[in-house]
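See structure below.
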Amino acid sequence: MMVLSLIIGFVFTPLDSTHVYIEANGYASLRFELQNNAFMNATYNLVIKRLSAPSDLSFDMCFNGSCHAGDSSAINVEAGASDTITLDIIGGNNTGPLDIFYLVYDQNAQNDRDSVEITGGVPVLEKRQKEDIYSIGDYIYGDGLLSARVLTKDGRLLGTLYPKNNRIYTGGLRHGVYFLIIKTTHGKKAIKIYRRH
Amino acid sequence: MKWILPIAFIILSCSRVPPVPRTDVEKKIIPVFEVFGYARCSNCPLVEHATDSLKALYKDSVSILEYHLRLLGDTLSPEEINTKTELYNIQNTAPCTIIQGTRRIDGAEDSEETQLESFKSYYNALRAQKDSVGLYITTDTMNDTIIITLDADSIMNIDTLKDVIFLSITEDSVFFQLSGAEDSIYNNVVREMKLLPSTLPQTLSFSKEYLRQKHLIMMLQDTVNKNIISVAQRRF
């Protein structure tokens, strides 16, 4: 049974996009599912390996009703069960690119391991301050956002997007190049975005 | 000469009042719930809201202390709370609730209602017990200063070698906003903590302004088995 459990091991799956941009002093929450496929209960170590990250970036891992601040923790998962882990990546004052590995391994079989790469960054503030409207990941940010008219590169109007929490979500657009006419309390501005899937 | 005896009796009666035994010697234990958390801990509000409800239900017959671990930007409680985190061996995991110093609950229940019911059952079990020491606080005011005297009904039940007194000052409705934190207003926040010897009586002074709308909690705790023996508290 031991051999079988080593072969089957576990499955570690991200439930959210692992490409994240975090505002300085902001945060991002990513969910992961850890499925124990073995026939026995297991304890898994969860470890953040920083390849590139701002020095004041910090992490909080929450599961089973508890939160664990720091770069590592451990979770017990019953045989055949799965648990959801929420990883909060919390930005500090420093900016820079983000490239980390979220490593999981069985405490009793350390070769049984998996990892998920999380990339993105904490964008440079100066650049954002110069531009009144900017696109980061799936969102358009800007001061006094009111709406965004979405046009194809041929000039065909696809629809209008409205802000929620002071940002406009563009993740619903399919692969391609779009022109957005952004209306803000300061006026109008056109920007071009490229959606990749 | 006949009148001398009654007059002497009256004078003696007035000058020397016989000691009145305290009626609350056999008072009940005030159950203590110590919650360790931090603002960005997403599972902590559930426990904090349950302890808020517990306090609303039982008022001054329960004692709630929320220690904010200095993690991920939380600075609400002072570093002195490390004395407590070391006593209970609390690392960076939250929420962690310690009941009466001895019962440890890691994490939160599935809902606030379940959490409250669990706390209520602990409260009822503890409340049925008698306080063997009977710690109590008396206050006096002098200008802008509040003089606090801590004493006990049964000093002989205190073991000064292993028992200590924790003085904590907590505050309600503390506004603290952090990105990613679910709550921005916190209750029962430990704002000051001091470790004192268990020799009684003890006198302490605080400015009136400092204590305004704060809650003073003095607890006698056994540092070996961690049991909280007696609690006295006063709201200002």
Side-chain angles (χ1 to χ4, degrees), chain A residues 15-16 20-32 43-48 53-78 81 83-95 122-123 125 136 139 141 165-167, chain B residues 35-51 66-77 79 81-82 85 88-98 104-119 176-184 186:
Chain A
L15 301 177
D16 297 304
V20 290
Y21 281 92
I22 303 156
E23 302 246 347
N25 296 306
Y27 79 109
S29 271
L30 306 182
R31 290 168 306 131
F32 298 84
T43 303
Y44 299 101
N45 280 4
L46 306 164
V47 183
I48 297 286
S55 58
D56 57 354
L57 198 75
S58 39
F59 300 90
D60 197 28
M61 304 175 199
C62 296
F63 45 82
N64 295 339
S66 288
C67 292
H68 312 256
D71 285 21
S72 64
S73 190
I75 180 172
N76 299 309
V77 186
E78 287 181 6
D83 264 318
T84 302
I85 299 158
T86 304
L87 173 71
D88 282 353
I89 307 172
I90 300 155
N93 294 319
N94 298 341
T95 58
V122 182
L125 277 170
I136 298 173
Y139 292 96
Y141 294 86
N165 297 328
N166 300 319
R167 59 187 189 175
Chain B
V35 180
F36 294 83
Y38 49 91
R40 276 176 161 140
C41 155
S42 54
N43 291 321
C44 293
L46 199 140
V47 171
E48 290 162 0
H49 296 168
T51 48
E66 288 180 8
Y67 301 91
H68 281 247
L69 302 170
R70 295 175 76 84
L71 292 170
L72 303 180
D74 195 332
T75 53
L76 285 181
S77 291
E79 283 178 2
I81 67 163
N82 289 344
T85 57
Y88 297 134
N89 191 26
I90 286 163
Q91 306 290 320
N92 55 354
T93 299
C96 179
T97 311
I98 307 284
R104 180 184 180 126
I105 301 172
D106 284 305
E109 298 276 356
D110 293 337
S111 73
E112 202 179 308
E113 290 74 25
T114 322
Q115 190 74 64
L116 178 61
E117 286 309 310
S118 160
F119 285 165
F176 183 61
Q177 205 165 28
L178 269 181
S179 156
E182 206 172 293
D183 278 347
S184 55
Y186 301 89

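First the proteins, then the strands, lettered A, B, ... as listed; each starts at 1. Computed from heavy atoms alone, side chains included, the values below leave out hydrogens, waters and symmetry copies. This is a predicted model, so every value here is computed, not measured.
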Without swapping roles, check the side chain of S66(A) against the backbone of T93(B) for a donor-acceptor pair under 3.5 Å.
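Here the side-chain-to-backbone pair does not exist.
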
Distance in Å, S58(A) OG paired with L71(B) CG, rounded so as to fall on 0.5 Å steps
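Reported to 0.5 Å precision, the distance equals 9.5 Å.
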
What's the shortest heavy-atom distance between C62(A) and S42(B), and which atoms?
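Looking at all heavy atoms of both residues, the shortest contact is SG-OG, 3.2 Å.
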
Which atom pair, heavy atoms only, marks the closest approach of A69(A) to Y38(B)?
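Shortest heavy-atom contact: N-OH, 3.3 Å.
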
Please rank A94(B), G37(B), A108(B) by heavy-atom pairs under 4.5 Å with chain A and give me the top one.
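Result: the option with the highest number of such pairs is A94(B).
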
I'd like to verify something: which residue of L46(B), L69(B), L72(B) has the highest number of heavy-atom pairs under 4.5 Å with chain A?
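Winner by heavy-atom pair count: L72(B).
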
Does atom CZ (F63(A)) have a neighbourhood of more than 12 heavy atoms from anything else shown, all under 6.0 Å?
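Buried by this count: over 12 neighbours within 6.0 Å.
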
Do R40(B) and I90(A) have side chains that approach each other closer than 4.5 Å (heavy atoms only, starting at C-beta)?
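In contact.
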
